[in-house]
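Everything numeric in this text was worked out from a predicted model, so none of it was measured.
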Amino acid sequence: GAWPGGSAGRRGHDPALHPVAVALVHGGRVLAALAILSKALDHRGERYAACGLSGVVTLEEERRRGHGRCLAVAARETMRRSGADLALFTCDVPLVPFYESSRFEVLPGTVLIGGVPEDPLPSDRFPKAALWLPFTDHARGHAADFCGARIELYPGTIDRLW
């Protein structure tokens, strides 16, 4: 996305999701930034260490120069090295080719359920696509469990849907 116009009222990410900020800085300017959020995910009887991308932004005047892709690839490798089983997140449908070019894969028909169990926020309320990338044999071995699934991510009330 484009750099948000003013974020004074924006709260930070939920500390319970172990946010890691990743930024591309040049000449003292932040050109692009994102956050990696992490949590344990229980899905179909299995537990996974899951990570996702949130708040992926690039300065408007710096778009279409490869900065976002560079950052997404760096984030992908950071998640892989962290010991996560998988990356799992949503994006606006028009951004799917961007994330696919960074090797994330669309999960056809999959809905991520955000929020909390008492106030769920399913991603199919919006024009969103679910993406993932399995990093471990455990996640790859259960890939079929993620396609066309309703996944109860429940990241909380601050980062309602990552």
Side-chain angles (χ1 to χ4, degrees), residues 1-41 48-107 110-116 119 121-136 138-140 146 151 153-162:
W3 200 265
S7 58
R10 169 124 166 71
R11 293 182 284 177
H13 294 287
D14 187 337
L17 299 176
H18 314 286
V20 173
V22 182
L24 180 62
V25 181
H26 180 71
R29 291 177 63 215
V30 176
L31 304 181
L34 59 78
I36 298 171
L37 304 178
S38 305
K39 71 172 302 232
L41 170 68
Y48 303 92
C51 292
L53 301 182
S54 181
V56 181
V57 293
T58 301
L59 281 173
E60 185 97 32
E61 65 271 19
E62 295 292 337
R63 296 183 82 192
R64 308 239 183 272
R65 296 184 184 181
H67 301 320
R69 182 164 294 104
C70 177
L71 203 59
V73 169
R76 181 192 76 214
E77 292 309 308
T78 298
M79 290 186 283
R80 181 188 314 276
R81 285 191 309 271
S82 77
D85 291 304
L86 55 93
L88 182 68
F89 60 98
T90 60
C91 76
D92 294 338
V93 171
L95 295 175
V96 165
F98 166 78
Y99 288 107
E100 286 179 325
S101 74
S102 300
R103 291 203 217 140
F104 294 100
E105 303 166 7
V106 171
L107 287 167
T110 296
V111 176
L112 298 188
I113 303 173
V116 293
D119 187 18
L121 180 64
S123 63
D124 59 358
R125 285 190 193 166
F126 311 97
K128 299 268 186 197
L131 293 105
W132 90 314
L133 186 60
F135 298 128
T136 63
H138 179 168
R140 281 188 291 275
F146 289 88
I151 301 172
L153 184 60
Y154 296 136
T157 57
I158 296 172
D159 297 281
R160 290 184 43 84
L161 190 62
W162 77 37

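To the nearest 0.5 angstrom, L131 atom CG is 4.5 Å from C91 atom SG. Atom CG of L71 is separated from atom OG1 of T78 by 9.0 Å, given to the nearest 0.5 angstrom. The OG1 atom of T90 sits 10.5 Å away from atom CG of L95, with the distance rounded to the nearest 0.5 Å.
Ring geometry for Y48 against F146 counts as perpendicular: the plane angle is over 60°, on a 0 to 90° scale with 30° as the lower cut.
Under the 4.5 Å side-chain criterion, counting only non-hydrogen atoms from C-beta, L88 is in contact with L107.
Pairing each heavy atom of G114 with each of P155, the nearest pair is CA-CD, 3.5 Å. In terms of heavy-atom proximity, A32 sits nearest to T58 at CB-OG1, 3.7 Å. Residues C51 and M79 share a closest heavy-atom pair of CB-SD, 3.3 Å. Heavy atoms only, all atoms of each residue included: W132 and A139 are closest at CH2-O, 3.8 Å.
Between the side chains of R69 and S101, at least one donor-acceptor pair of N or O atoms lies under 3.5 Å.
The closest donor-acceptor contact from the side chain of R140 to the backbone of F135 lies under 3.5 Å. In this structure, the side chain of S54 does not engage the main chain of W162 through any donor-acceptor pair within 3.5 Å. In terms of modelled atom types and a separation under 3.5 Å, the side chain of R76 and the main chain of S102 share a donor-acceptor contact.
Judged as a salt bridge (Lys or Arg N to Asp or Glu O under 4.0 Å), the pairs with a partner in residues 89-106 (not counting sequence neighbours) are, in order, D92-K128. Applying the ring pair (Phe, Tyr, Trp, His ring centres under 6.0 Å) rule to pairs touching residues 56-85 yields nothing, sequence neighbours excluded.
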Stepwise side-chain contact (heavy atoms from CB on, under 4.5 Å) test for Y99 and L53: CA-CA 11 Å; Y99 288 107; L53 301 182; 3.8 Å; yes

Please step through side-chain contact (heavy atoms from CB on, under 4.5 Å) for the pair T157 and D119, ending with a clear verdict. CA-CA 9 Å; T157 57; D119 187 18; over 6 Å; no

Ignoring hydrogens and angles, write down the donor-acceptor pairs under 3.5 Å from the side chains of residues 34-41, residues two or more places apart or on other chains.
residue : atom : partner : partner atom : Å
K39     : NZ   : L153    : O            : 2.6
K39     : NZ   : Y154    : O            : 3.3

Which donor-acceptor pairs under 3.5 Å do the side chains of residues 14-31 make with protein atoms, sequence neighbours left out?
residue : atom : partner : partner atom : Å
D14     : OD1  : A16     : N            : 2.8
H18     : NE2  : A16     : O            : 3.4
R29     : NH2  : E61     : OE2          : 2.9

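Contacts of R80 classified as salt bridge (charged side-chain N to carboxylate O under 4.0 Å, His left out), with partners at least two apart in sequence or in another chain: E77. For F104, the ring-ring contact (aromatic ring centres under 6.0 Å, His included) partners two or more places apart in sequence, or in a different chain, are F89.
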